[in-house]
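Reckoned from all heavy atoms, side chains included, excluding hydrogens, waters and symmetry mates.
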Amino acid sequence: MKRTVTQLFAAAMAVALTTGSATAATIIYQDDFNGGTGNIHGLAPDIGANNWVAHTMWNADGSIDSTTGTVAPAINGSSMTLAFTPANGLVYTLDASISGIVGDTDWFGLGFANGQSTVNSANTRFITSTVVGTAWMLFRGQNPPGPTPAPTLNVAQLGSGALAPTANGSQTSPANWTALAADAAGSIDMRIVLDTTGGSGNWTATWYAKRPADASYSEVRASTLVPGSSEANFTSVGLAISNPSTTNGIDGTVEFFSLTSVVPEPSSLALMGLGGLFVARRRRA
């Protein structure tokens, strides 16, 4: 069963009240995807001031219509986003939990982005489109049998360029968690922490991931400076998917999505991505 209370907020407030390490804790967006059936486009999240902007394949219950019978074969990627502009002086934590991931070497992505999704665009997957990833990450589906080529690795990156390990000159080595084994389904929790406390020109992003068997989140890309020229391009947050309408395209269900902010003391910054102080995502029964 999905959660019906704002446990993440309660945990964040507990940190603030018991440690004195933060002066504010706020949920900006949260969605447990209990919105029933049909497309999620135009619906409000459980918490948040703006509505989802989404391609027609994204459903209110977190599922996607990924078959060629529902989505035109020309669709090679899509997304759903919520309008959002960061402010200086805060630490933002962006989270998503995705279950039942199956597919070829395609992927689910989570991230901060520039622009908004569109209802019917053929490609809004955070890569050179109307909605472009700024600080984002992706988790791939199944690996094919045999050696794994570099492009099938999971990636945490700044910018929207090609997904090879050294793309754009801005991307360090790929994330250090592995894609799913062939013929196996799986789940993933992804987290991106955007720290704007350094002020303009000094924003940083840090990337984390957690598989169901993991006790806590693991850092999959260390804190990286966001180019100052990119700061104005943070205008949305959301999820993206690659090649859902191919024969073995990616599939899965989004269980949880949230964006929170805190005003931290310096001593609290190291705790933001660890996950031990935050309630683990609870998946469908």
Side-chain angles (χ1 to χ4, degrees), residues 41 52-58 64-66 71-84 94 96 98 101 103-144 148-175 177 179 188 190-192 194 205 207 209 220-221 224 226-227 229-252 254 257:
H41 176 71
W52 286 106
V53 180
H55 188 276
T56 53
M57 72 172 58
W58 297 84
I64 57 170
D65 292 328
S66 61
V71 180
I75 299 297
N76 58 0
S78 71
S79 59
M80 63 176 186
T81 54
L82 293 159
F84 169 70
L94 180 64
I98 302 165
I101 301 170
D104 214 331
T105 58
D106 298 303
W107 48 262
F108 272 91
L110 168 73
F112 297 87
N114 180 31
Q116 290 287 348
S117 305
T118 57
V119 176
N120 292 307
S121 174
N123 181 10
T124 57
R125 55 178 174 162
F126 291 0
I127 305 173
T128 313
S129 67
T130 57
V131 55
V132 174
T134 48
W136 65 291
M137 62 193 300
L138 62 86
F139 179 78
R140 295 188 183 275
Q142 299 160 330
N143 271 331
T148 302
T152 66
L153 294 170
N154 301 307
V155 178
Q157 80 171 47
L158 291 168
S160 63
L163 301 179
T166 57
N168 259 5
S170 63
Q171 181 179 319
T172 60
S173 58
W177 77 97
I188 190 71
M190 294 185 285
R191 171 174 293 173
I192 303 170
L194 177 68
W207 294 257
V220 296
R221 182 176 177 180
T224 303
V226 175
S229 59
S230 298
E231 292 176 6
N233 295 325
F234 282 69
T235 63
S236 62
V237 290
L239 293 142
I241 195 169
S242 175
N243 293 322
S245 59
T246 57
T247 302
N248 296 310
I250 194 77
D251 202 353
V254 183
F257 177 91

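You'll find the side chain of V53 stays beyond 4.5 Å of the side chain of M80, heavy atoms only. Side-chain contact check for L158 versus T224: some heavy-atom pair is nearer than 4.5 Å. With contacts defined as side-chain heavy-atom distances shorter than 4.5 Å, the pair L239/I98 qualifies. Proximity of L94 to L194: side-chain heavy atoms (C-beta onward) are nowhere separated by under 4.5 Å. In this structure, M137 and V220 have side chains that are in contact, with non-hydrogen atoms separated by less than 4.5 Å. Within the 4.5 Å cutoff, the side chain of S230 has no heavy atoms near those of the T134 side chain.
In this view, Q116 and T81 satisfy the side chain to side chain donor-acceptor pair (under 3.5 Å) rule, not counting sequence neighbours. Partners of W207 according to the side chain to side chain donor-acceptor pair (under 3.5 Å) rule, which considers only residues two or more places apart in sequence or in another chain, do not exist here. Here W52 pairs with F257 under the ring-ring contact (aromatic ring centres under 6.0 Å, His included) rule; sequence neighbours left out. Contacts of T235 classified as side chain to side chain donor-acceptor pair (under 3.5 Å), with partners at least two apart in sequence or in another chain: N114. Listed by chain and number, the residues in a ring-ring contact (aromatic ring centres under 6.0 Å, His included) with F234 are F112, W203 (sequence neighbours excluded). Remark: S236 pairs with no residue by the side chain to side chain donor-acceptor pair (under 3.5 Å) rule, at least two apart or across chains.
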Check your understanding: Between M57 and I241, is a side-chain contact (heavy atoms from CB on, under 4.5 Å) present by the stated rule, with each step listed?
Key -> CA-CA 10 Å; M57 72 172 58; I241 195 169; 4.1 Å; yes

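With rounding to the nearest 0.5 angstrom, the CH2 atom of W58 is 6.0 Å from the CD1 atom of I64. The CD1 atom of I127 sits 11.0 Å away from atom OG of S79, with the distance rounded to the nearest 0.5 Å. For the atom pair CZ of R140 and CD1 of I101, the computed distance is 12.5 Å after rounding to the nearest 0.5 Å.
The shortest heavy-atom contact between V131 and A113 is CG2-CB, 3.8 Å.
Panel note: side chain R221, backbone A156; a donor-acceptor pair is recorded below 3.5 Å.
In this structure, F126 has its ring center closer than 6.0 angstrom to the ring center of W136.
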